[in-house]
Student: 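Starting off with a structure, shown below.
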Amino acid sequence: MATGKNAFDADAAKLRVNRYRKRILEVSQQVQALHIGSAYSCTEIVDVVYNGLMRHGEAGGTRDIFLMSKGHGCMIQYAILEERGTLTRADMDAYCTPTGRLGCHPDHGNPGIEAATGALGHGLSMAVGMALAERGRKRDTIVYTVLSDGELQEGSTWEATLMASSFGVKNLVAFVDNNDFQSLGRTSQTHPSFYPVVEKYLAFGWESVQVDGHDSAAIHDAVASRKGDKPLMVVAKTTKGKGISYMENVPIWHYRSPNKDEYQQALKELEAAL
Amino acid sequence: MRNTFSEALYDEAKKNPDIYIVVADISPAGSMAKFSTEYPERFINVGVAEQSMIGIAAGLALRGCQPFAYTIATFSLYRPFEMVRDDLCYQNLPVTVVGMGSGVIYSTLGGTHHTQEDIAVAGAIPNMQIIAPCDPAECTEATRHCATQKVGPIYLRLGKAGEPDMTKGAEPWKFGKLRYLRRGSDVCILTYGVITKMAAQIADSLAAQGKSVSLVSCHTLKPLDREGIIEALKTHKQVIVIEEHAPQGGLAPQTKQIAWDIKATCRLDTFTLQDKFIHNYGSHDDLLAAHGLSPQRILAAVA
């Protein structure tokens, strides 16, 4: 099965993710809250999916699907869709305002958004349904989705996990943004039995690997090298708020926006990272 | 009713390759077995996993398919409620959620298997449409409608098995419109679903008393045929609502609301399930009677 084995340029990816983080930081100054830590946590994952794995209908070919199951991380999706021209600068300027169409969670009907998410534990079932529809139409479309590790506490996610392998869904590639944080603390502390994740997915009949979720090349390689005879779960070990020192692994940045001083510091750190 | 649903769905599936059915561990009897054998790719049994049933149906619809999600009513609507609300209704997808064995039909299985408030629950969600056919023939019409419409989600409230023919000779079925099964001028009985059989017995008794009686299948609960209800309230001396549903959120309170809005002058009596869980067992009629719904009691009350 085709997996979108484009030649992957890790240096270009580094520039892109830095650009996206800056753009999200910029938008953060328009609103009080935008789940910045959650978006930074999965920046490399979503970038690799859009810019390294998905086929976008080039020359009338296959158009793969991306569904942001962890809807609260959608700022990275918006930033990428803006750069791709699917969303506009005006869309981003009007983010979370009465004249805009973009909110804190992806909404069905907006350009580039395949499904409304935000309530956790919905995305994987919808992704399975999409994959089955594409298979039924004998199309080679691949459905990509990104889950939060919090979503792995939803029973519905495990229902969908069982369905994907039971129905032999091969055209599904899922990532879990495993930053080990949820609102009330570290997942490893609140739910010690949450781990190991890879072994759980293997036991459920998936192919599964663990990668450094901020190593773009490794993320790409994990998918490009998949066997392809089962659904794939990539467990991406990530850091919440990745890239900004004062945000990393600090729960408050799940939600709030930086003030002016914090913004300047974050901008300096992102510029220094290049 | 469930067999005619299966037969109608099978017929539609033969014509339309986009029709899928996602079921949660139901026995594939009758035409459902034919569907699963002939179209295995479009017959998806999730087992006992109703949240995934709805989510997968949503995913199919997001890619242009026309899915049905099918299991016992409590498990098709209540268990996966947030998926019904967010995945189907919020996204306004043409998915039919089939609630089989609604009301208190599962009369020996206890309250966990009763669906007393499903019209209220489903009807409160924006975009959701609701159809509750009164007999197998109406079920066929409703199923065909569900299989071909693209407006949005539908909750299809079904009975179980053995419902008698109530609609022979009636005017044609039309989505969103009251259907007169018989027309009179004194009393109008508004009802829907399996309890239409009891409503017909009551209509017969009232007719035997010399009254001219209308019997109406209000099969489409949402959008409710407001104009049709207004006409019934204006053209009859007495209107009786009989429904197998809790007092809140069903046909009875909506009819009262319309009557208030138009300052109706007719007599209006409503009969519903009670707002309580009962711990009775027996036949379907036994449970309806335990809720206060019996021909004798209703006839005494409307005299």
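The figures that follow rest on heavy atoms only: side chains count, while hydrogens, waters and symmetry mates do not. So you know, we letter chains A, B, ... as the sequences are listed, proteins then strands, and number each from 1.
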Student: Do other residues, nucleotides or ligands put more than 12 heavy atoms under 6.0 Å from B:Lys14 NZ?
Tutor: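 Yes, the 6.0 Å shell around NZ holds more than 12 heavy atoms from other groups.
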Student: Answer whether the closest heavy-atom distance between the side chains of B:Leu62 and A:Glu114 falls below 4.5 Å.
Tutor: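 No, their side chains stay 4.5 Å or more apart.
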Student: Do any side-chain atoms of residues 47-57 of chain B form donor-acceptor pairs under 3.5 angstrom with protein atoms, and if so which ones, sequence neighbours left out?
Tutor:
unit_1  : atom_1 : unit_2   : atom_2 : d
B:Gln51 : NE2    : A:Glu159 : OE2    : 3.3
B:Ser52 : OG     : A:Ser125 : OG     : 3.0

Student: Measuring heavy-atom distances to chain B, does A:Ala127 have an atom under 4.5 Å in its side chain, in its backbone, in both, or in neither?
Tutor: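 When you check distances to chain B, no heavy atom of A:Ala127 falls under 4.5 Å.
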Student: At a heavy-atom distance under 4.5 Å, which candidate from A:Gly155, A:Gly118, A:Gly109, A:Ala115 has the highest pair count against chain B?
Tutor: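 Sorted descending by pairs with chain B, the first entry is A:Ala115.
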Student: Provide the closest heavy-atom pair for B:Val46 versus A:Phe167 in the form atom of the first, atom of the second, distance.
Tutor: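 Heavy atoms only, the tightest pair is CA-CZ, 4.0 Å.
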Student: So for atom CZ, which belongs to A:Arg139, do other residues, nucleotides or ligands contribute more than 12 heavy atoms lying within a distance under 6.0 Å?
Tutor: yes
Student: With rounding to the nearest 0.5 angstrom, report the NE2 to CG distance, A:His108 to B:Asp86.
Tutor: 13.0 Å
Student: Are more than 12 heavy atoms from other residues, nucleotides or ligands located less than 6.0 Å from atom CZ of B:Arg42?
Tutor: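 For B:Arg42, atom CZ is crowded (more than 12 foreign heavy atoms under 6.0 Å).
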Student: With a 4.5 angstrom heavy-atom cut-off, which part of B:Gln91 approaches chain A: side chain, backbone, both or neither?
Tutor: both
Student: Shorter than 4.5 Å, heavy atoms on both sides: which option in A:Gly136, A:Ala131, A:Ser166 has the most such pairs with chain B?
Tutor: A:Gly136
Student: Rounded to the nearest 0.5 Å, how far apart are CD of A:Glu134 and CG of B:Leu60?
Tutor: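 Taking CD in A:Glu134 and CG in B:Leu60, the distance rounds to 10.0 Å.
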Student: Given heavy-atom pairs under 4.5 angstrom as the criterion, report whether the side chain, backbone, both or neither of A:Ile65 touches chain B.
Tutor: side chain
Student: Assess whether atom CD of A:Glu58 is packed by more than 12 heavy atoms of other residues, nucleotides or ligands within 6.0 Å.
Tutor: yes
Student: Could you please state which residues from residues 96-132 of chain B sit under 4.5 angstrom from chain A, measuring non-hydrogen atom to non-hydrogen atom, sorted by number, or 'none'?
Tutor: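 Not one residue of residues 96-132 of chain B has a heavy atom under 4.5 Å from chain A.
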Student: To check you understand the geometry: which heavy-atom pair defines the closest contact between B:Tyr90 and A:Asp107, and what is its length?
Tutor: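 Taking B:Tyr90 first and A:Asp107 second, the nearest heavy atoms are OH-OD1, 2.8 Å.
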Student: Can you tell which part of B:Asn45 gets under 4.5 Å to a heavy atom of chain A, answering side chain, backbone, both or neither?
Tutor: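 Contact with chain A is through the backbone of B:Asn45 alone.
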Student: Which one of A:Arg135, A:Lys138, A:Arg137 satisfies the salt bridge (Lys or Arg N to Asp or Glu O under 4.0 Å) criterion with B:Glu41?
Tutor: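 Answer after filtering A:Arg135, A:Lys138, A:Arg137: A:Arg135.
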